[in-house]
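Some notes on the structure that comes next.
Here is the naming used below: chain letters follow the sequence lines, and residue numbers restart at 1 for every chain. From a predicted model like this one, the values you see are computed outputs, not experimental measurements.
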Amino acid sequence: MWGTSERARMALSILEESIEVEDWFKGVDGFEFLIATILSQSTNYKNVRMAMERLRAKLEISPSSIAKSDLRTIRDCIRPAGLFNQKSRRIKAIARRILEGYGGRVENLLLNDDPRSELLRLPGVGPKTADVFLAFYGGFDILPVDTHISRVAKRLGIAGRARGYEGVRARLEELIPPHKRRRFHIALIKFGRSICKARAPYCHECPIAELCPSAERFRKTARGDRR
DNA sequence: CTCCGGGAAA
DNA sequence: TTTCCTGGAG
């Protein structure tokens with residue numbers, strides 16, 4: 001019998017080899033990245049890209065431009081991303097906040113002693129959004145936890161008794177070395193979307209089913225055994 | 001804990 | 001038809 005941590009490390013190692021991750025995020029403008037991250041809340045990337053294209057076609061995606069733009073215009077552009085009434089308000093508020101408090105430059109957010117707290121002060125920026133920005137734009141070695149990653153971690157038994165965002169993140173960062181965390185963020189999401197899905201996970205074609213405590217339960221359920 | 005949201009998947 | 005989505009705020 002293996003310990004929980006060893007099994008988790010083995011599972012993560014297999015995932016690392018079986019999932020390809022491309023570095024699409026390099027060289028992206030900071031403000032655009034922050035806006036895109038806000039838009040990505042509770043939506044898929046296809047909708048985010050659509051919303052960004054519509055925004056870019058209508059106006060310049062910069063703090064000054066967004067701050068000046070009509071709220072209805074922004075809302076109409078980002079409609080494909082969903083939750084557009086909330087997101088448009090928050091995006092515009094963020095643009096104003098960056099203009100007034102950071103000289104119109106998102107880069108200045110990172111110069112502070114505690115960038116994460118600064119980010120969390122922005123409307124529409126919670127733990128996940130802040131960590132994505134810090135990891136992929138700021139270059140910090142942290143592992144942002146989204147719903148996919150949270151679900152995968154819980155099924156694999158990695159989360160343990162860890163409750164809440166910070167608990168799961170701490171547990172995963174314990175298992176994944178700093179320089180690999182960005183890639184694992186992407187890899188775990190891809191895995192969660194394609195195989196370890198929320199509803200009916202494809203345990204039968206999962207490369208780490210043997211190492212997964214939840215896979216057994218799903219097999220039993222599929223056979224007809226109750227619960 | 002509920003709402004925000006329309007499109008896609010099941 | 002219902003549920004789900006790279007969450008966050010009230």
Side-chain angles (χ1 to χ4, degrees), chain A residues 15 19-26 28 32-55 71-72 74-97 109 116-138 140 142-156 158-159 163-169 172-173 176 181-205 218 221-222:
Chain A
L15 285 183
I19 299 178
E20 283 187 33
V21 175
E22 59 280 356
D23 296 333
W24 55 267
F25 42 83
K26 289 186 177 175
V28 182
E32 288 203 19
F33 186 80
L34 182 57
I35 298 307
T37 309
I38 301 275
L39 291 176
S40 79
Q41 292 164 5
S42 291
T43 339
N44 57 46
Y45 182 69
K46 201 174 79 179
N47 291 339
V48 176
R49 203 176 61 180
M50 180 68 68
M52 289 299 283
E53 282 174 6
R54 289 164 62 100
L55 259 184
L71 189 60
R72 298 205 319 277
I74 300 175
R75 187 185 58 190
D76 183 54
C77 288
I78 70 169
R79 186 171 289 271
L83 305 178
F84 41 83
N85 268 310
Q86 292 189 27
K87 288 176 181 174
S88 56
R89 271 178 239 283
R90 293 170 184 175
I91 285 171
K92 186 166 181 178
I94 286 176
R96 278 199 294 262
R97 194 78 75 84
L109 268 167
R116 194 163 192 271
S117 297
E118 294 292 313
L119 282 166
L120 290 176
R121 251 181 225 123
L122 300 175
V125 176
K128 183 260 180 180
T129 303
D131 285 342
V132 167
F133 185 79
L134 288 173
F136 290 95
Y137 182 71
F140 289 81
I142 54 184
L143 193 130
V145 177
D146 68 342
T147 84
H148 286 305
I149 298 179
S150 174
R151 180 181 65 251
V152 170
K154 282 172 185 165
R155 282 181 180 166
L156 278 174
I158 290 177
R163 281 290 180 219
Y165 182 92
E166 300 300 338
V168 176
R169 180 168 75 101
L172 281 169
E173 289 184 352
I176 301 173
R181 288 172 189 165
R182 266 178 296 278
R183 297 182 66 79
F184 261 104
H185 172 77
I186 306 292
L188 286 171
I189 288 171
K190 280 195 169 185
F191 173 65
R193 260 204 326 234
S194 59
I195 296 178
C196 197
K197 304 192 299 176
R199 294 202 230 177
Y202 297 152
C203 294
H204 53 284
E205 51 185 82
F218 287 124
T221 305

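Of all heavy-atom pairs spanning A:Pro123 and A:Arg97, the tightest one is CD-NH2, 3.6 Å. When all heavy atoms are compared, the tightest approach of A:Lys154 to A:Ala159 is CG-CB, 3.9 Å.
Nucleic acid contact class of A:Ala200 (heavy atoms, under 4.0 Å, all strands): none. If you check every strand for non-hydrogen atoms under 4.0 Å, A:Leu122 touches sugar and phosphate atoms only. Among the heavy atoms of the strands, none lies under 4.0 Å from A:Lys190. Within the 4.0 angstrom heavy-atom criterion, only backbone atoms of the sugar-phosphate kind lie near A:Pro127; the bases stay farther away. Residue contacts for A:Thr129: at a heavy-atom cut-off of 4.0 Å it reaches the sugar-phosphate backbone alone, with no base atom in range. Counting non-hydrogen atoms under 4.0 angstrom, A:Gly82 reaches a base of the nucleic acid. Within 4.0 Å of A:Val125, counting heavy atoms only, lie sugar-phosphate atoms of the nucleic acid but no base atom. If you check every strand for non-hydrogen atoms under 4.0 Å, A:Arg75 touches nothing.
Residue A:Arg89 places no side-chain N or O under 4.0 Å from the OP1 or OP2 atom of C:dG10. Using a 4.0 Å cut-off, some side-chain N or O of A:Ser42 falls inside it from OP1 or OP2 of C:dG7.
Protein atom CG of A:Leu83 is 9 Å distant from nucleotide atom C1' of C:dC5, rounded to whole Å. The distance between atom CZ of A:Arg151 and atom P of C:dC4, rounded to the nearest whole Å, is 10 Å. Taking atom NZ of residue A:Lys87 and atom P of nucleotide C:dG7, one finds them 8 Å apart after rounding to whole Å. We find that CD1 of A:Ile189 is positioned 16 Å from C1' of C:dC4, with the value rounded to whole Å. Remark: C1' of C:dT2 and CZ of A:Arg199 are 8 Å apart, rounded to the nearest angstrom. Straight-line distance from the CG atom of A:Leu120 to the P atom of C:dG7: 16 Å, rounded to whole Å. Across the protein-nucleic acid pair, A:His185 atom NE2 and C:dG7 atom C1' stand 13 Å apart, rounded to whole Å. Between the CG atom of A:Asn47 and the P atom of C:dC5 there is a distance of 14 Å, rounded to whole Å.
In the set C:dT3, C:dG8, C:dC5, the nucleotide with an atom closest to the side chain of A:Thr147 is C:dC5.
Judged by distance alone, with hydrogens and angles left aside, the side-chain atoms of A:Tyr165 form a donor-acceptor pair with the main-chain N or O of A:Val145 at under 3.5 Å. The backbone N or O of A:Leu143 lies less than 3.5 Å from a partner atom in the side chain of A:Glu173, making a donor-acceptor pair. Judged by distance alone, with hydrogens and angles left aside, the side-chain atoms of A:Glu166 form no donor-acceptor pair with the main-chain N or O of A:Pro127 at under 3.5 Å.
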Could you go through residues 32-39 of chain A and list every donor-acceptor pair under 3.5 Å that involves a side-chain atom there, pairing it with any protein atom two or more places apart or in another chain?
| residue | atom | partner | partner atom | Å |
| --- | --- | --- | --- | --- |
| A:Glu32 | OE1 | A:Arg56 | NH2 | 2.8 |
| A:Thr37 | OG1 | A:Phe33 | O | 2.6 |

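A residue-by-residue look at A:Arg90 and A:Arg193 shows that A:Arg193 has its nearest nucleotide of DNA chain C further toward the 5' end. Along DNA chain B, the nucleotide closest to A:Phe84 and the one closest to A:Asn44 are compared, and the more 5′ of them pairs with A:Phe84.
A cation-pi geometry, defined here as NZ or CZ lying under 6.0 Å from the six-membered ring centre and within 45° of its normal, holds between A:Arg79 and A:Phe84.
Taking the P atom of each, B:dG7 and C:dA9 are spaced 26 Å apart, rounded to whole Å. Spacing of P atoms, C:dT6 relative to B:dA10, comes out at 13 Å, to the nearest Å.
For DNA chain B, the contact window with chain A, defined by any atom under 4.0 Å from a protein heavy atom, covers B:dC4 to B:dA10 in 5' to 3' order.
The closest side-chain heavy-atom distance from A:Ile78 to A:Arg54 is not below 4.5 Å.
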